[in-house]
Amino acid sequence: MAKRPESANTTITIQPTLHRVAQPDWLPKKIPELDGLRGIAVLAVFLHHCQPRLAGTLLMRPAQWGWSGVNLFFVLSGYLITAILLRARSNPDGYFRNFYARRALRVLPLYALILAVCFLGPSGLHDPLLPGISHGVTILSLCLFLQNLFHTSIAGALQPTWSLAIEEQFYWLWAPIVRFIPSPKILATGLVAVLALSPVIRGTIGHRLNPQHTLLHLDAIAIGSLLAIGILTARITRRHWLIAGGAAITISAAAITLAHRAPALLDSFIALGFAGVVLLALAGSGARNPAAQSLRGGPLPWLGRISYGFYLTHMPVIIWIGGFDIFIDHTAIAGFRTANLLIVVVRFFVCLAVATILWHGFEKPILRLKRLFPQHEAFTHAG
């Protein structure tokens, strides 16, 4: 009896030819400076939300620009997530499972806890969140990370979650794009197009969207993703990356001073500057200058490690301890500025205590489960 040809029962799967990426020799496996940048970002956001209490102090100017700390988070996320995904393409079987499982372990448990506290706790923590939107729709949108896409901005204790929604939308859309588009050049071309279109969107239909809408905040994620593609595919020396980072910061600083003439470009200029900062942190990792040392040692990297918990809880904490603010406001034990600074200091240390407790008692034990979903060791510095 003739043997059936093997080809008759063989299923042929055509996989896209993926371009190889490689971590340059000068880039360490762990980059503690990135934690320091996270610390700066979350501190900036905190100061921004304390802005009314900082009037007339040296911190007022940084607080006014503190909203841009979210842009720094976006640049970091774009770089880290894209770097992880590019390397993960070499293991297609575990690509989606490992990536989404690790992201879920990092994001969802604490997010669910904060939602529960806000909705089951004191009414001041959840009233109102999305003005004009029904309670049921609000809860559903928060569960699906769509709360930033309505005509009205999310407010109150959960106001910071708008940026988390953008991050989650980025994860869901970008992972399959990176997986199935083999050429880094095509990916980079798409990202450049996003950078070019972002100020156009802000300048044309931005007034019709709420300020938290995803379409208004794509620059920083796109430029961070471009950094990852460039570092992993372009054969450029560490020295030249340092020069590029310095140039990006210089151009950004000069352009921001002129942004009042073209407000739609402001976020683009800020994203460029933060890309330069991240690039200097990457290419200058391990340097002995004071800036690099402060990013990898001392309080900043610690604040960066607990930044997710600090970021999610700082608004609920500020609302929760509002009685202390009222007490200080009605006492005559201190001057106006001193009283306000005391309130900000107390807010900060209560937020720090809450985030630290959550890190050790809640987040860290859950994050140990990440070992079940291994990630390429070259990017263990990602959260």
Could you give the side-chain donor-acceptor pairs of residues 275-283 under 3.5 Å, partners two or more places apart or in another chain?
none

Find the distance between [atom1] ([X]) and [atom2] ([Y]) and round it off to the nearest 0.5 Å.
{"X": "L227", "Y": "W241", "atom1": "CG", "atom2": "CH2", "result": "6.5 Å"}
{"X": "H217", "Y": "Q212", "atom1": "NE2", "atom2": "CD", "result": "7.5 Å"}
{"X": "F99", "Y": "N91", "atom1": "CZ", "atom2": "CG", "result": "14.0 Å"}
{"X": "I186", "Y": "I177", "atom1": "CD1", "atom2": "CD1", "result": "12.5 Å"}
{"X": "I223", "Y": "S268", "atom1": "CD1", "atom2": "OG", "result": "8.5 Å"}
{"X": "T313", "Y": "L110", "atom1": "OG1", "atom2": "CG", "result": "7.5 Å"}

I'd like to know if [Y] and [X] are part of one continuous hydrophobic network [Ile/Leu/Val/Met/Phe/Trp/Tyr, side-chain heavy atoms within less than 4.5 Å].
{"X": "L173", "Y": "V192", "result": "no"}
{"X": "F269", "Y": "L197", "result": "no"}
{"X": "M315", "Y": "F349", "result": "yes"}
{"X": "L142", "Y": "L146", "result": "no"}
{"X": "L265", "Y": "V194", "result": "no"}

Whether [X] side chain and [Y] backbone form a donor-acceptor pair below 3.5 Å:
{"X": "R102", "Y": "K370", "value": "yes"}
{"X": "N98", "Y": "F373", "value": "no"}
{"X": "R97", "Y": "Y95", "value": "no"}
{"X": "S68", "Y": "N71", "value": "no"}
{"X": "T161", "Y": "L164", "value": "no"}
{"X": "R89", "Y": "V178", "value": "yes"}
{"X": "Q147", "Y": "T138", "value": "no"}
{"X": "H360", "Y": "P365", "value": "no"}
{"X": "S307", "Y": "G304", "value": "yes"}
{"X": "E33", "Y": "A287", "value": "no"}

Using a 6.0 Å cut-off, check whether atom [atom1] of [X] has over 12 heavy atoms from anything other than its own residue.
{"X": "W26", "atom1": "CH2", "answer": "yes"}
{"X": "D25", "atom1": "CG", "answer": "no"}
{"X": "L372", "atom1": "CG", "answer": "yes"}

Determine whether [X] and [Y] make a side-chain contact, defined as any pair of heavy atoms from C-beta on separated by less than 4.5 Å.
{"X": "L187", "Y": "L86", "value": "yes"}
{"X": "L195", "Y": "L191", "value": "no"}
{"X": "R208", "Y": "H151", "value": "no"}
{"X": "R53", "Y": "L341", "value": "no"}
{"X": "D35", "Y": "L300", "value": "no"}
{"X": "P24", "Y": "R238", "value": "no"}
{"X": "L149", "Y": "H213", "value": "yes"}
{"X": "W67", "Y": "V45", "value": "no"}

Could you go through residues 242-250 and list every donor-acceptor pair under 3.5 Å that involves a side-chain atom there, pairing it with any protein atom two or more places apart or in another chain?
{"residue": "T250", "atom": "OG1", "partner": "G246", "partner atom": "O", "Å": "2.9"}

Nearest atoms (heavy-atom pairs only) where [X] meets [Y]:
{"X": "G309", "Y": "A355", "value": "C-CB, 4.0 Å"}
{"X": "P32", "Y": "K30", "value": "CD-O, 3.5 Å"}
{"X": "I229", "Y": "A188", "value": "CD1-N, 4.0 Å"}
{"X": "L266", "Y": "A259", "value": "CD1-CB, 3.7 Å"}
{"X": "P109", "Y": "A104", "value": "CD-O, 3.2 Å"}
{"X": "T82", "Y": "F170", "value": "OG1-CZ, 4.2 Å"}

Sorted by chain and residue number, the salt bridge (Lys or Arg N to Asp or Glu O under 4.0 Å) partners of D325 (sequence neighbours excluded) come out as R347
Taken in chain and number order and not counting sequence neighbours, the residues that satisfy salt bridge (Lys or Arg N to Asp or Glu O under 4.0 Å) with E167 are none
Hits for side-chain hydrogen bond (donor to acceptor under 3.5 Å, both in side chains) against R368, two or more places apart or cross-chain, chain-then-number order -> none
For S153, the side-chain hydrogen bond (donor to acceptor under 3.5 Å, both in side chains) test, sequence neighbours excluded, returns N210
H314 and F310 aromatic ring geometry - parallel, tilted or perpendicular at 30°/60° bounds
parallel
Tell me if the aromatic rings of [X] and [Y] count as close, with their centers under 6.0 Å from one another.
{"X": "W65", "Y": "H48", "result": "no"}
{"X": "Y308", "Y": "W359", "result": "no"}
{"X": "Y111", "Y": "F145", "result": "yes"}
{"X": "Y79", "Y": "F274", "result": "no"}
{"X": "H49", "Y": "Y311", "result": "no"}

From CA spacing to verdict: side chain to side chain contact (heavy atoms under 4.5 Å, CB included), S163, F73: CA-CA 9 Å; S163 62; F73 274 128; over 6 Å; no
- Answer yes or no: is there an ion pair linking R202 with D219, defined by an N-O contact shorter than 4.0 Å? yes
#### Entry: Worked check of side chain to side chain contact (heavy atoms under 4.5 Å, CB included) between F362 and I366
CA-CA 7 Å; F362 188 76; I366 293 173; 3.9 Å; yes
request  = Examine R103 relative to Y171 and say whether NZ or CZ is less than 6.0 Å from the centre of the six-membered ring and inside a 45° cone about the ring axis.
outcome  = yes
(Q) Working note: R87 + V21, criterion side chain to side chain contact (heavy atoms under 4.5 Å, CB included); need CA distance, chi angles, decisive distance, verdict. (A) CA-CA 7 Å; R87 292 294 292 179; V21 296; 3.7 Å; yes
For this session: Start with the C-alpha distance between N148 and T214, add both sets of side-chain angles, then the distance that settles side-chain hydrogen bond (donor to acceptor under 3.5 Å, both in side chains), and finish with yes or no.
Result: CA-CA 7 Å; N148 69 315; T214 303; 2.8 Å; yes
Discussion item. Run the side chain to side chain contact (heavy atoms under 4.5 Å, CB included) test on I221 and I166 for me, step by step, so that the C-alpha distance in whole Å, both residues' side-chain angles and the decisive distance to 0.1 Å come before the verdict.
Written reply: CA-CA 10 Å; I221 290 178; I166 293 178; 3.8 Å; yes
